[in-house]
2 protein chains.
Amino acid sequence: MVSLSKKTTRRGGRVSRSKKRTGGVTMDHVAREAGVSLMTVSRVMNNVPGVKASTRDSVMRAVKALGYSPNAAARSLARNGAGRIGLLYSNPSAGYLSQFLVGALDGAQTSGALLVIEKCDASLESEAAAIGRLIAGGMAGVILPAPHAESDSAIAALREAGVVAIAVGTGHARPDAHGVRMDDFAAAAEMTRHLIELGHRRIGFIKGAVNQTASVERLLGFETEIRRADPPADCLVEPGDFTYRSGFEAAERLLSSDHPPTAIFASNDDMAAGALAAAHRRGLDVPGDLSVAGFDDTPLATAVWPELTTIRQPVARMAEAALRLVLQESRDQSRRDSRAPIDQLLPHQLIVRASTGQVPDKS
Amino acid sequence: MVSLSKKTTRRGGRVSRSKKRTGGVTMDHVAREAGVSLMTVSRVMNNVPGVKASTRDSVMRAVKALGYSPNAAARSLARNGAGRIGLLYSNPSAGYLSQFLVGALDGAQTSGALLVIEKCDASLESEAAAIGRLIAGGMAGVILPAPHAESDSAIAALREAGVVAIAVGTGHARPDAHGVRMDDFAAAAEMTRHLIELGHRRIGFIKGAVNQTASVERLLGFETEIRRADPPADCLVEPGDFTYRSGFEAAERLLSSDHPPTAIFASNDDMAAGALAAAHRRGLDVPGDLSVAGFDDTPLATAVWPELTTIRQPVARMAEAALRLVLQESRDQSRRDSRAPIDQLLPHQLIVRASTGQVPDKS
DNA sequence: ATGAAAGCGCTAACAT
DNA sequence: ATGTTAGCGCTTTCAT
């Protein structure tokens with residue numbers, strides 16, 4: 001009855017050749033290889049403190065040697081449903097989504113969470129229904145990417161049900177939910193500075209959808225930097241709603257003004273692409289005659305020509321962060337429930353590509 | 001503590017208030033509610049034949065009443081890895097992907113499969129590595145959306161490992177793997193007919209990436225229909241690679257020819273968007289001066305202006321179908337292994353929007 | 001610091 | 001046609 005007896009016991013002698021090869025190595029194998037108990041391996045895999053360094057090492061070596069990778073399903077089961085995380089989305093068109101899903105899926109795989117992805121359309125009823133399904137499905141937490149992150153009713157419903165909510169991509173921290181986001185204000189300011197440094201002194205701005213707080217922050221960041229420009233700068237602001245078409249139309253208005261801007265900063269890439277089209281239509285060269293900047297760095301940014309100067313929003317990493325956060329919070333929730341929401345800020349990046357350049361000499 | 005007696009037994013009295021609320025109802029609850037054994041519930045949930053209709057009914061009623069929904073993790077575990085399905089993707093930019101993921105995820109949820117999503121980049125080594133991970137991870141089957149569906153090496157590796165492979169979106173059936181796809185030839189022909197019916201007699205075509213068989217089928221469908229036109233029609237074919245930029249450039253070439261076409265049919269929406277930009281740049285009105293048609297009906301199709309006439313490829317449903325197929329096949333595989341691959345064809349749809357119109361009178 | 005035992009929700013094989 | 005038993009791979013609680 002030494003180490004091997006256990007093995008014999010496990011599947012019993014019953015099913016003779018039931019080697020269904022589920023993927024092979026389990027913790028058991030690793031444990032035997034490392035000469036420790038299964039529990040120790042579990043502790044190592046979960047970074048639980050009380051393990052001697054040497055033991056941890058030999059376990060890690062065994063893991064490597066056997067190519068062990070934990071089984072998410074088993075983990076989720078053993079953890080008794082903790083780690084069942086919902087994700088609500090509505091706009092499959094956003095270049096955003098696939099990146100976000102990928103990030104979340106990735107995080108789910110590493111952390112052993114079980115992601116349940118729920119879809120709804122733009123209407124409030126549909127959103128409420130989806131939230132209902134998520135709650136009924138027993139989620140420990142729910143991730144809300146924009147625009148659902150702005151939905152008071154969704155977050156209220158979740159709170160009421162005792163489900164942790166994470167708002168992703170809002171313009172500022174929410175008082176009623178944890179959040180993962182970027183600094184839209186600073187990013188917009190940075191882009192504006194980039195344009196100003198290129199010599200632009202008359203810059204058009206295309207706003208995003210008004211119901212998203214991030215839109216406001218982007219505008220504020222832009223305006224603030226315009227006011228700060230040393231040889232003073234001037235700006236024209238047009239409404240938009242994050243769609244290509246609204247960007248096209250806004251750019252048309254901008255370019256047909258008496259004194260058109262030499263640069264256009266759109267609040268997202270879709271609208272920037274629209275602005276690009278408007279410029280081309282007028283026979284303007286980008287960036288020779290007009291600079292165009294976007295925001296988000298979605299796939300579209302490099303799918304258009306010239307490729308867009310834009311702000312890289314770390315969407316995938318935000319999704320991962322959201323996943324980790326919701327997991328952690330749903331675990332802790334039982335203890336101290338009523339504390340201030342966490343607000344996690346991720347770094348963005350200015351990506352200079354081909355759509356922005358020096359201001360044209362004299363105009 | 002009435003019907004809860006068993007409940008007490010379950011977690012033992014040990015963990016006093018361990019009501020971690022995993023989502024609530026389990027098969028056990030349903031079984032008790034319906035007055036049958038747990039196994040019967042399992043059989044009903046899995047549509048196993050040998051259950052009396054009346055029993056099945058009462059179980060279903062209990063399921064409804066309690067709002068029961070099966071736990072995918074537990075299922076996957078119990079099935080010992082069967083139902084562990086891999087999905088390989090590489091191009092997160094494709095408007096394709098998020099729809100595909102959503103479809104697959106959806107199917108996974110209903111069928112209780114456990115989707116493992118693996119990423120790789122375009123290189124062959126990276127693909128091989130990803131396939132290796134998937135195999136090592138013990139997948140019962142792997143879904144390969146385009147362009148991986150064209151990879152002989154990937155499919156060979158999978159076969160060798162005894163893992164079921166499903167190729168999605170290829171131009172024709174593969175001899176070495178099951179497939180789910182649409183009729184690219186017929187769809188392209190249909191679009192061409194649409195253009196011809198609008199009076200166009202000189203039509204430009206922008207080809208897709210040469211390494212995808214679907215590209216070839218689309219071209220063939222186009223050419224066939226051109227030849228069939230009654231007042232005879234003429235065509236110009238330009239290469240492309242499915243990117244916006246290649247579409248833009250191809251359209252430039254097309255439009256700068258001595259006798260330019262009155263309509264351009266691009267092999268996908270990205271390239272059609274590029275063609276749109278090229279037209280705008282020349283001050284051409286779409287569809288007044290030039291009609292433009294795309295293919296796929298990705299989100300981009302409605303994000304550009306004018307919105308694209310295109311072919312709707314049922315991506316999400318293809319993903320679902322692929323999931324169902326891989327599940328079924330991986331289950332049956334043990335029995336009869338060596339039979340002809342299944343080839344599943346899904347219906348497409350011609351979507352007429354604003355980018356195509358009557359041929360301009362005289363030119 | 002480590003191990004043993006029990007059980008997460010479900011399905012497979014084996015009774016009945 | 002339905003019930004019983006064992007166990008999927010892991011984490012939990014309780015020893016040691």
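If you're wondering where the values come from, they're calculated on a predicted model, not measured in any experiment. Each chain gets a letter, A, B and so on, in the order its sequence line appears, and its residues count up from 1. Because only heavy atoms are used, hydrogens play no part in the values below, and waters and symmetry mates are left out as well, while side chains stay in.
Distance N71(B) CG to dC8(D) P: 18 Å, rounded to the nearest Å. Separating the CG atom of L38(B) from the P atom of dA6(D) is a distance of 15 Å, rounded to the nearest angstrom. In this structure, the CG atom of D28(B) is 13 Å from the P atom of dT11(C), given to the nearest Å. The NZ-P distance, from K52(B) to dG3(D), rounds to 10 Å in whole Å. Residue L77(B) contributes atom CG, which lies 11 Å from atom C1' of dT11(C) at whole-angstrom precision. Taking atom CE of M45(B) as the reference point, atom C1' of dT2(D) lies 18 Å away to the nearest angstrom. For R84(A) and dG9(C), the CZ to C1' distance is 10 Å, given to the nearest whole Å. In this structure, D57(A) atom CG and dA1(C) atom C1' are separated by 15 Å, rounded to whole Å.
Put simply, T26(A) has no side-chain N or O that comes within less than 4.0 Å of OP1 or OP2 on dC8(D). Contact annotation: N46(A) side-chain N/O to dT11(D) OP1/OP2 distance is under 4.0 Å. Close to dT2(C), at under 4.0 Å from its OP1 or OP2, lies a side-chain N or O of T55(A). Taking side-chain N and O atoms only, T40(B) has no distance below 4.0 Å to OP1 or OP2 of dT2(D). OP1 or OP2 of dG3(D) has at least one side-chain nitrogen or oxygen of S37(B) nearer than 4.0 Å.
Atoms NE2 and CD, from H148(A) and E118(A) in turn, are 11.0 Å apart once rounded to the nearest 0.5 Å. Annotation: the span from L101(B) atom CG to Q99(B) atom CD amounts to 10.5 Å, rounded to 0.5 Å.
The 5' end of DNA chain C is approached more closely, in terms of each residue's nearest nucleotide, by A74(A) than by the other of A74(A) and R43(B).
Comparing dA12(C), dA1(C), dA1(D) by their closest approach to the side chain of M39(B) singles out dA12(C).
Using modelled atom types, one side-chain atom of D121(B) and one backbone atom of S123(B) make a donor-acceptor pair closer than 3.5 Å. A donor-acceptor pair is defined here as one N or O able to donate and one able to accept, closer than 3.5 Å; no such pair exists between the side chain of R174(A) and the backbone of P341(A).
Just one residue in the list H29(A), E33(A), M27(A) forms a side chain to side chain contact (heavy atoms under 4.5 Å, CB included) with Y68(A), and that residue is M27(A).
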